[in-house]
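Because only heavy atoms are used, hydrogens play no part in the values below, and waters and symmetry mates are left out as well, while side chains stay in. A quick note: this is a predicted structure, and the numbers were derived from the prediction, not measured.
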Amino acid sequence: MNQPFPDPQTTNTLGSGHDGQMVLALPKGRILKAVTPLMAGTGMAPSADCLGDSSRKLRFSTEDPGVDIVRVRSFDVATFVAAGGAQVGICGSDVLMEFDYPEIYAPLDLGIGACRIAVAQPAHLPHDPQEWARWSEVRVATKYPAITRRFFAARGINATIVHLHGAMELAPMLGLSRLIVDLVDTGSTLRANGLKEVETIAQVSSRLIINRTALKTRPDQIDCILSRFRTALAESTTAAK
């Protein structure tokens with residue numbers, strides 16, 4: 001049974017403030033669909049219109065009257081939580097690596113949305129790690145400029161970033177860059193566009209994230225949410241065995 005949620009009217013508020021609601025930021029798209037069964041196990045399942053594509057709303061109620069959900073872009077979840085607009089959120093570890101917000105605490109790996117950040121290049125070109133050691137500069141198309149710069153800087157290479165928000169696979173074939181850095185799951189999109197994965201930068205999964213100020217000012221509510229997610233995660237893991 002889920003732990004009763006503390007009365008929002010008896011606690012300090014952050015971000016949403018006016019109504020005392022706790023706000024949970026969820027990413028649109030595949031992660032939202034993947035996290036839906038887990039949310040049901042927490043007793044905070046979102047209203048039906050949150051899960052569909054037809055609604056223009058951005059804020060939704062949940063099964064728990066003390067919790068609302070906001071549905072935002074995956075890259076914006078961490079910003080909403082870091083800035084205090086939402087006290088809790090779910091986002092990929094790739095986003096946490098890219099922005100590295102000190103205001104965010106990420107205590108729980110939810111084990112969903114598994115993929116990786118990888119370097120890819122045209123499939124017809126040979127990949128020789130020793131050749132990379134001779135490079136001083138390389139052009140790379142990516143939506144992860146910070147991660148990409150750190151990765152190549154660790155190898156003594158200056159990465160000139162072509163910052164794109166999508167369709168990275170086009171960059172090498174159109175002469176915008178030599179390499180790309182992107183999320184990879186099955187690799188089918190790379191192969192369909194004549195690319196191959198040559199280096200893995202990091203494994204990625206979705207994390208429960210918490211605003212550090214909310215952790216101090218609303219500890220009972222934050223502890224309740226953490227407890228619910230841990231319980232739901234344990235139950236789903238047991239059920240999968």
Can you find a pair of side-chain heavy atoms, one from [X] and one from [Y], that are under 4.5 Å apart?
X	Y	result
L215	Q87	no
I31	L26	no
S136	N158	no
V140	V162	no

- [ ] Take K143 and E98 through the test salt bridge (charged side-chain N to carboxylate O under 4.0 Å, His left out) and record every step on the way to the result.
- [x] CA-CA 9 Å; K143 64 178 178 181; E98 178 64 22; over 6 Å; no
Open item on the list: Please identify which of these residues, L24, V72, N211, meets the side chain to side chain contact (heavy atoms under 4.5 Å, CB included) condition with F80.
Closed with: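 With F80 as partner, side chain to side chain contact (heavy atoms under 4.5 Å, CB included) holds for just one option, V72.
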Open item on the list: Does R73 have more than 12 heavy atoms from other residues, nucleotides or ligands lying within 6.0 Å of its CZ?
Closed with: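 At most 12 heavy atoms, drawn from other residues, nucleotides or ligands, come within 6.0 Å of this atom.
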- [ ] Report, as yes or no, whether the 6.0 Å neighbourhood of atom CZ on F229 holds more than 12 heavy atoms from other residues, nucleotides or ligands.
- [x]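 For F229, atom CZ is crowded (more than 12 foreign heavy atoms under 6.0 Å).
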Task: From CA spacing to verdict: side chain to side chain donor-acceptor pair (under 3.5 Å), Q21, D68 - done: CA-CA 7 Å; Q21 295 291 98; D68 277 357; 3.2 Å; yes
With a 3.5 Å distance limit and no angle check, can you tell me whether [X] reaches the backbone of [Y] through a side-chain donor-acceptor pair?
X	Y	value
T231	R228	no
E169	L190	no
Q121	L125	yes
S206	L110	no

TODO: Look at the rings of H165 and H163 and say which category their plane angle falls in: under 30° parallel, 30 to 60° tilted, over 60° perpendicular.
DONE: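 Judged by the thresholds at 30° and 60°, the geometry between H165 and H163 is tilted.
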Open item on the list: Which label fits Y144 and F75: parallel for a plane angle under 30°, tilted from 30 to 60°, or perpendicular past 60°?
Closed with: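 It falls in the tilted class, 30° to 60°.
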Linking I/L/V/M/F/W/Y whenever their side-chain heavy atoms sit closer than 4.5 Å, directly or via other members, would [X] and [Y] fall into one cluster?
X	Y	result
M97	V184	no
I161	V95	no
V198	L176	no
L208	Y105	yes
M44	F60	no

TODO: Evaluate the salt bridge (charged side-chain N to carboxylate O under 4.0 Å, His left out) criterion for residues R178 and E131: first the C-alpha distance (whole Å), next the side-chain angles of each, then the deciding distance (0.1 Å), finally the verdict.
DONE: CA-CA 14 Å; R178 179 168 184 167; E131 181 188 358; 3.1 Å; yes
TODO: Tell me whether the guanidinium CZ or amine NZ of R150 lies under 6.0 angstrom from the six-membered ring centre of F152 and within 45° of its axis.
DONE: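 No, cation not above the ring by the 6.0 Å, 45° rule.
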Task: Passing candidate, side chain to side chain donor-acceptor pair (under 3.5 Å) with E197, options R191, H127, R116 - done: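 Considering R191, H127, R116, a side chain to side chain donor-acceptor pair (under 3.5 Å) with E197 is found only for R116.
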